Each structure stands twice: as structure tokens, then as C-alpha cells.
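The block underneath contains the structure these notes are about, expressed in C-alpha cells.
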Amino acid sequence: MFKGLRGITVLVAAAVVVVGIAYGGFVSSHESSHEDAAPGSETAACCLLKARLNDSDPESRVTLDPKNFQGDVRKAYEAAERNPALLAQLHCYCGCDKADGHKNLLDCFRDTHGSTCAICVGEARDAEAMANRGVPVEQIRDALRARYAAAHGS
């Protein structure tokens, strides 16, 4: 159906639109619970709304299929699959931005890079755990930076 970089770009754009529409409905239905929140401080739980793509079409996937991996790597690919909007907002501190041209943590799980990198795996799993506790995206970014950037010289 979709091939190459252009197909990926189309799929990502479609996922962003779907998440934006879903997020808008979520915010309007939960305005009272966020009245006192500072502008731009939505929780990462909002990012758990995901663009669920058709699993029967491998070319429509946002990440590689987690079933292709084992252990912690599989759990990280599952986290990326469940939380693409969250991971797309986070930086990866392993250096893949320079080495592989990755623009965010989600990119690590679009290819096999995430399967060979403990930093990517750790970041994805930590980000999901924090998001599940309702930690705001800004705090997730700060926590990942503190834990991974300093330890790995990024």
C-alpha cells in the first residue's frame, strides 16, 4: 500500500491528525479536571491516546512488530506501539540523532535500532511507566535527560 519514506510520512501525518482529534475530544470532556493546570502542561496520560493502526497490514505500523523481539526489547517495542504520540515528543540520548538521523525516541522503534540499544529500551520503558502514573510530558523529558544524557555524555 504505502512504500518507502513517503508512505511513512503519510502514515505519521495521519496518526498525528487522529491523535489530535482524539486529544481534542479528551480535553473538552475533561476540562474541569485540568482547569488549574498551567498552559501546555497536559499530562503524558493524554499522550496515551494512540492512533491504533491496522495490525494486519505491516506497512501501516508505526513501529516494528514487538512480536519479532524478546524480553525487555519486546516490552520497549510494545511501549512504543502503545504510546507513539508520547515517544514522538521525547529525545533519545544514545546519539542516534547524529548517527542515524532519528528525530525523536519513536524513530528508534520504527527500525531495528531500538532492538540493539539499551538506552532506547530504557527510555521507552521509563517514559511509559511515568506516563501511566500521570507524570506531565515536561517532567518525563527532564527525568530522561537527567538519567540518560548525563550518564551517556549526550
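What you are looking at is a predicted structure, and each value in this text was computed from that prediction instead of being measured.
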Any chance you could measure [X], atom [atom1], to [Y], atom [atom2], to the nearest 0.5 Å?
| X | Y | atom1 | atom2 | answer |
| --- | --- | --- | --- | --- |
| Gln139 | Leu144 | CD | CG | 12.0 Å |
| Glu128 | Arg133 | CD | CZ | 11.0 Å |
| Cys94 | Asp100 | SG | CG | 7.5 Å |
| Thr116 | Phe69 | OG1 | CZ | 9.5 Å |
| Leu86 | Ile140 | CG | CD1 | 5.0 Å |

Beyond-backbone contact of [X] with [Y], side-chain heavy atoms, under 4.5 angstrom:
| X | Y | result |
| --- | --- | --- |
| Leu64 | Phe109 | no |
| Thr63 | Arg110 | no |
| Arg74 | Asn68 | no |
| Asn104 | Leu87 | no |
| Cys117 | Cys96 | no |

Query raised in the report: Going by atom types alone, do Tyr148 and Asp126 pair a side-chain donor with an acceptor below 3.5 Å?
Result: yes
Query raised in the report: Side chains of His113 and Asp107: donor-acceptor distance under 3.5 Å anywhere?
Result: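 No pair is found: no donor N or O on one side chain lies under 3.5 Å from an acceptor on the other.
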Query - Set of salt bridge (Lys or Arg N to Asp or Glu O under 4.0 Å) partners for Asp72, sequence neighbours left out - result: Arg125
Could you tell me which non-hydrogen atom of [X] sits nearest to which non-hydrogen atom of [Y], and how far apart they are?
| X | Y | value |
| --- | --- | --- |
| Ser115 | Val73 | CA-CG1, 3.6 Å |
| Ala124 | Leu105 | N-CD2, 3.9 Å |
| Val121 | Gly114 | CG2-O, 3.3 Å |

Query raised in the report: Stepwise, does the side chain to side chain contact (heavy atoms under 4.5 Å, CB included) test hold for Asp111 with His102?
Result: CA-CA 10 Å; Asp111 60 28; His102 290 175; 3.2 Å; yes
Query raised in the report: Between the main-chain N or O of Asp142 and the side-chain N or O of Arg147, is there a donor-acceptor pair closer than 3.5 Å?
Result: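 Between the backbone of Asp142 and the side chain of Arg147 there is no qualifying donor-acceptor contact (under 3.5 Å).
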Query - N/O donor-acceptor pair under 3.5 Å between Glu123 side chain and Tyr93 backbone - result: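 Present.
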